[in-house]
Amino acid sequence: MTVLSNKRGIELDERVPGALAPALVPDPAESAARRTVGASLRAYVALTKPRVIELLLITTIPVMFLAAGGVPPLSTVLLTLAFGTMSAGSANAINCYIDRDIDAKMRRTRRRPLARHQVTPARALIFGVTLAVLSTAGFLLTVNAVAAAGSLFAILFYVFVYSLLLKRRTSQNVVWGGIAGCMPVLIGWAAITGSVAWTPFVLFMVVFLWTPPHTWTLAMRYREDYAVAKVPMLPVVASERRVVIESLAYTYATVVCSLALWPVAGMSPVYGGVAVVLGLVFLAEGHRLLKAVLAGVTGVHLRPMRFFHLSNVYLALLFTAVAVDPLLH
């Protein structure tokens, strides 16, 4: 067979004028296999809820700087991030397995892999358990036993206490279930020091108190979703006024706790100033919500997602200040 070349340099098959040479024609089976492998990988990654993991890592790294009193060992940071990501991914994957029925009913979650049947429930569960084993063993062998214990506790608490016990039974689900999301603070500290202390517990409480208003304002936006799925989030079972008032109370507690870190950890005025400014902005947004709901504003017009997004910025900047402060001493 003779292969010719046209003016554009594309090889042609002499036997079929204008046709691509057989060697250059994509194999449909190979392309389909490639797409299948790629889709499967994306589905398994989606099971771990990467956006949630990002938030957890935001609280882990700064605490390591604080524990080290400066720049922590790079190897410890990388190992903690790697196994911390696997730990959080494990809990999230198992949560997807447990919540696959309600995820299929909610607009916000119906594109998750199990809801779309991209991964079988059995494989999702095996994937989650495998990550749990690997992350715990990784922490134990390369970091220390205290970090490993914290990681395992976070997984078990999120799966058994939050996902199986609290989520579908009480409106206080995210209050106590949020403990699992606070554990990266203790894990990050333990990874550097091999122990725990009052300083990381103060930051633990900052995240603990921050979680309810952060989650409840998101639930206000997706109230109908939770109602259809019969998940008793506070905005489903209580009035908007009560949700906003309780959210503001937790916001005040969060700001006060963030300021408590100043004397407890011996932080500099830089951290104190940042915490005060961020706290005032955070509280101002909470009062905007309260003013609106007291004026009779309701539903999407309350713009609860504005508070939700601001809460993310608040936590990220506050923990950035936690990381930077030791570098200034």
Side-chain angles (χ1 to χ4, degrees), residues 41-63 80-100 102-103 106-116 118-119 124-125 127-132 134-135 150-164 166-167 173-188 203-204 206-222 225-226 229 231 233 305 307-319:
L41 287 175
R42 288 191 293 273
Y44 279 102
V45 170
L47 282 175
T48 67
K49 303 180 186 177
R51 294 185 67 180
V52 175
I53 293 177
E54 288 174 11
L55 185 62
L56 298 179
L57 297 182
I58 284 173
T59 63
T60 304
I61 299 174
V63 175
T80 302
L81 292 183
F83 294 120
T85 297
M86 292 172 65
S87 176
S90 163
N92 290 333
I94 298 173
N95 172 263
C96 284
Y97 168 80
I98 295 169
D99 285 349
R100 62 191 185 279
I102 60 177
D103 281 349
M106 300 173 62
R107 287 174 301 165
R108 189 174 66 86
T109 59
R110 64 189 177 193
R111 295 186 62 83
R112 287 178 178 170
L114 286 175
R116 299 180 66 188
Q118 294 175 316
V119 180
L125 180 59
F127 176 63
V129 172
T130 301
L131 286 180
L134 293 176
S135 63
S151 171
L152 181 58
F153 173 83
I155 295 170
L156 295 177
F157 192 94
Y158 189 74
V159 171
F160 291 100
V161 179
Y162 173 67
S163 299
L164 290 174
L166 298 175
K167 185 171 182 177
N173 46 21
V174 298
V175 176
W176 302 108
I179 289 175
C182 305
M183 289 303 297
V185 172
L186 300 183
I187 294 169
L203 287 169
F204 176 99
V206 169
V207 181
F208 177 79
L209 295 167
W210 168 90
T211 301
H214 169 77
T215 309
W216 285 338
T217 47
L218 176 66
M220 288 176 73
R221 171 65 179 82
Y222 293 99
D225 270 7
Y226 287 108
V231 177
M233 296 291 285
M305 291 300 289
F307 182 98
F308 171 80
H309 291 305
L310 180 64
S311 68
N312 281 329
V313 175
Y314 169 82
L315 196 71
L317 293 180
L318 183 72
F319 273 80

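- A 4.5 Å side-chain heavy-atom check between L55 and T59 finds every atom pair outside the cut-off.
- Note: F319 CZ to I61 CD1 = 12.0 Å, rounded to the nearest 0.5 Å.
- Looking at every heavy atom in both residues, Y162 comes nearest to N173 through CD1-O, 3.6 Å.
- The shortest non-hydrogen separation linking A46 to P113 is CB-CG, 3.6 Å.
- In this structure, the ring of F127 has its center less than 6.0 angstrom from the ring center of Y44.
- In terms of modelled atom types and a separation under 3.5 Å, the side chain of D225 and the main chain of M106 share no donor-acceptor contact.
- Looking at S135, its side chain does come within 3.5 Å of a backbone N or O of L131 through a donor-acceptor pair.
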Could you list the donor-acceptor pairs under 3.5 angstrom formed between side-chain atoms of residues 93-100 and any protein atom two or more places apart in sequence or on another chain?
unit_1 : atom_1 : unit_2 : atom_2 : d
N95    : OD1    : K49    : NZ     : 2.6
N95    : ND2    : D99    : OD2    : 3.2
N95    : ND2    : S163   : OG     : 2.9
D99    : OD1    : R168   : NH2    : 3.3
D99    : OD2    : K167   : NZ     : 2.6
R100   : NH1    : Y97    : O      : 2.5

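- Tested against L114 for a side chain to side chain contact (heavy atoms under 4.5 Å, CB included), the candidates L47, D103, T109 yield a single pass: L47.
- Separation of atoms CG (L318) and CH2 (W210) is listed at 11.0 Å; rounding is to 0.5 Å.
- What you find for G188 and T60 is that their closest heavy atoms are CA-CG2, 4.0 Å.
- With rounding to the nearest 0.5 angstrom, the CG atom of L218 is 7.5 Å from the CE atom of M233.
- F153 is listed as a side-chain neighbour of I179, based on a closest heavy-atom distance under 4.5 Å.
- Without hydrogens or angle criteria, T85 side chain to L81 main chain gives a donor-acceptor distance under 3.5 Å.
- Across every non-hydrogen atom of V185 and V63, the tightest pair is O-CG1, 3.4 Å.
- The closest side-chain heavy-atom distance from F208 to L203 is not below 4.5 Å.
- Nearest heavy-atom pair, L166 versus W176, reported as atom, atom and distance to 0.1 Å: CD1-CB, 3.9 Å.
- The distance from the OG atom of S151 to the CG atom of L156 is 9.0 Å, given to the nearest 0.5 Å.
- Scanning for ring-ring contact (aromatic ring centres under 6.0 Å, His included) contacts around F204 gives an empty result, with sequence neighbours left out.
- From I58, atom CD1 reaches atom CG of L315 across 7.0 Å, with rounding to the nearest 0.5 Å.
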Applying side-chain contact (heavy atoms from CB on, under 4.5 Å) to R108 and Y226, what does each step give before you reach the verdict? CA-CA 10 Å; R108 189 174 66 86; Y226 287 108; 2.7 Å; yes
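- Sorted by first and then second residue, the side-chain hydrogen bond (donor to acceptor under 3.5 Å, both in side chains) pairs with a member in residues 211-221 read H214-S311; sequence neighbours excluded.
- Looking only at side-chain heavy atoms (C-beta outward), H309 and M305 come within less than 4.5 Å of each other.
- Considering only heavy atoms from C-beta on, S90 stays 4.5 Å or farther from V129 through its side chain.
- Summarising the geometry, atom CG belonging to L186 is positioned 5.0 Å from atom CE belonging to M183; distances are rounded to the nearest 0.5 Å.
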